[in-house]
Amino acid sequence: MKYTLAFACSAIALAMASAPAMAQDRAGDVQLKVVGTAVLTDGEIEEVNVDAVGLAAGTNTEANDNYVPTIAVEYFFSDNFSIETIAGTTQHDVDAVSGFPAGTELVSDALLLPATVTAKAHFDAGGVKPYVGAGVAYFIWLDVDPGAATIPLGVTDTDLSDEFGFVLQAGVDVPVGDDGFGVTFDAKRYFIGTTAQWYVNDTLVIETEHDLDPWVLSAGISYTF
């Protein structure tokens, strides 16, 4: 993963350096985007750290996809370079795909705030404005409940760890008219995981490491001022 990120960042820097110089009339602009977002996550178990219940060999899980509204705010330092952050939350359940009956709910209503900042390089392709970017993310779990299938087994609490990770980004902005409005399409790939813990009273009975690594795909409208 680190080599992929290093390559992507190098490619962005090279593209910015080699892009034709343009009048920097976007310096100081702010672009606001309101988009619909598909959060397509994984949730696969990578490692079992604690197992006091004797999980079946090959036990694995997946997190469900979610579709949410998102707001992005972007500041332009020049025509070619900007910084962007997003605001929004997404909620997921985690179900078993093996080791338990398929669909067994292990984590319920896990509410995630994916705090994200990316640096973006912009290009001009005849009025259409593609971009690439890379940045950092901090996944903050605001609320996590035990899955419905775990409560009859005595589980009283479930936790998911907050984690730092990296994100790659690409997309295109399409201006509509001369009044600052446009449409936008964006794709992000996160490289980030979490540690899941299940407790019976105060006793940790299961701890697992999970890859989340979601694709986050967005489309919507933009306004620049």
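Atom set for the values below is all heavy atoms of this structure, side chains included, hydrogens, waters and symmetry mates excluded.
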| message | Under a 4.0 Å threshold between the charged nitrogen and the carboxylate oxygen, would K33 count as salt-bridged to D173? | response | yes

| request: Assign the ring pair Y223 / F225 to parallel, tilted or perpendicular, where the plane angle (0 to 90°) is split at 30° and 60°. | output: parallel

| Verdict with reasoning, D186 to Y131, per side chain to side chain donor-acceptor pair (under 3.5 Å) | CA-CA 9 Å; D186 183 86; Y131 58 80; 2.6 Å; yes

Keeping [X] on the side-chain end and [Y] on the backbone end, is there a donor-acceptor pair under 3.5 Å?
X: T41; Y: L212; result: yes
X: D79; Y: R26; result: yes
X: R189; Y: D213; result: yes
X: S98; Y: N60; result: yes
X: W215; Y: A38; result: no
X: D42; Y: E44; result: yes

| request: Say whether L106 and L55 are linked into one hydrophobic cluster, either directly or through other cluster members, by side-chain heavy-atom distances under 4.5 angstrom. | output: yes

| Can you get from I192 to V68 by hopping between Ile, Leu, Val, Met, Phe, Trp and Tyr side chains that sit under 4.5 Å apart? | yes

Should [X] and [Y] count as side-chain neighbours, where that means a heavy-atom distance under 4.5 Å?
X: Q197; Y: T158; answer: no
X: V30; Y: V73; answer: yes
X: V167; Y: T118; answer: yes
X: P214; Y: L40; answer: no
X: W198; Y: T156; answer: no
X: I206; Y: V53; answer: yes
X: V205; Y: V50; answer: no

Got a second to check how far [X]'s [atom1] is from [Y]'s [atom2], nearest 0.5 Å?
X: S218; Y: Y67; atom1: OG; atom2: OH; result: 12.0 Å
X: L142; Y: L111; atom1: CG; atom2: CG; result: 4.5 Å
X: L32; Y: I71; atom1: CG; atom2: CD1; result: 6.5 Å

| Residue list, side-chain contact (heavy atoms from CB on, under 4.5 Å) with F164, at least two apart or on another chain | Y138

So which atom in [X] and which in [Y] form the shortest heavy-atom distance, rounded to 0.1 Å?
X: F81; Y: A119; result: CE1-CB, 3.9 Å
X: S161; Y: T194; result: O-OG1, 2.8 Å
X: I45; Y: T59; result: CD1-O, 3.8 Å
X: D162; Y: I140; result: OD1-CA, 3.5 Å
X: E74; Y: S82; result: OE2-OG, 2.5 Å
X: K129; Y: P175; result: CE-CG, 4.0 Å

| With a 6.0 Å cut-off on ring centres, are F166 and F191 close enough? | no

| field | Steps toward side-chain contact (heavy atoms from CB on, under 4.5 Å) verdict (H210, E47) | value | CA-CA 7 Å; H210 295 253; E47 187 173 350; over 6 Å; no

Would you mind writing out the side-chain donor-acceptor pairs for residues 83-91 within the sub-3.5 Å range, not counting sequence neighbours?
| unit_1 | atom_1 | unit_2 | atom_2 | d |
| --- | --- | --- | --- | --- |
| E84 | OE1 | Q169 | NE2 | 2.9 |
| E84 | OE2 | K120 | NZ | 3.1 |
| T85 | OG1 | T116 | O | 2.9 |
| T90 | OG1 | N66 | ND2 | 3.2 |
| T90 | OG1 | H92 | NE2 | 2.9 |
| Q91 | NE2 | D109 | OD1 | 3.3 |

| request: Go through the steps for Y199 and N201 under the test side-chain contact (heavy atoms from CB on, under 4.5 Å), then give the verdict. | output: CA-CA 6 Å; Y199 291 86; N201 296 320; over 6 Å; no

| side-chain contact (heavy atoms from CB on, under 4.5 Å) between T195 and E163: does it pass, once the steps are laid out? | CA-CA 9 Å; T195 300; E163 300 287 350; 4.2 Å; yes

| task | Write out all pairs satisfying ring-ring contact (aromatic ring centres under 6.0 Å, His included) with one or both partners inside residues 139-159, taking only residues at least two apart or from two chains. | result | F139-Y190

| task | Evaluate side-chain contact (heavy atoms from CB on, under 4.5 Å) for V107 paired with D93, printing each intermediate quantity in order. | result | CA-CA 5 Å; V107 176; D93 296 333; over 6 Å; no

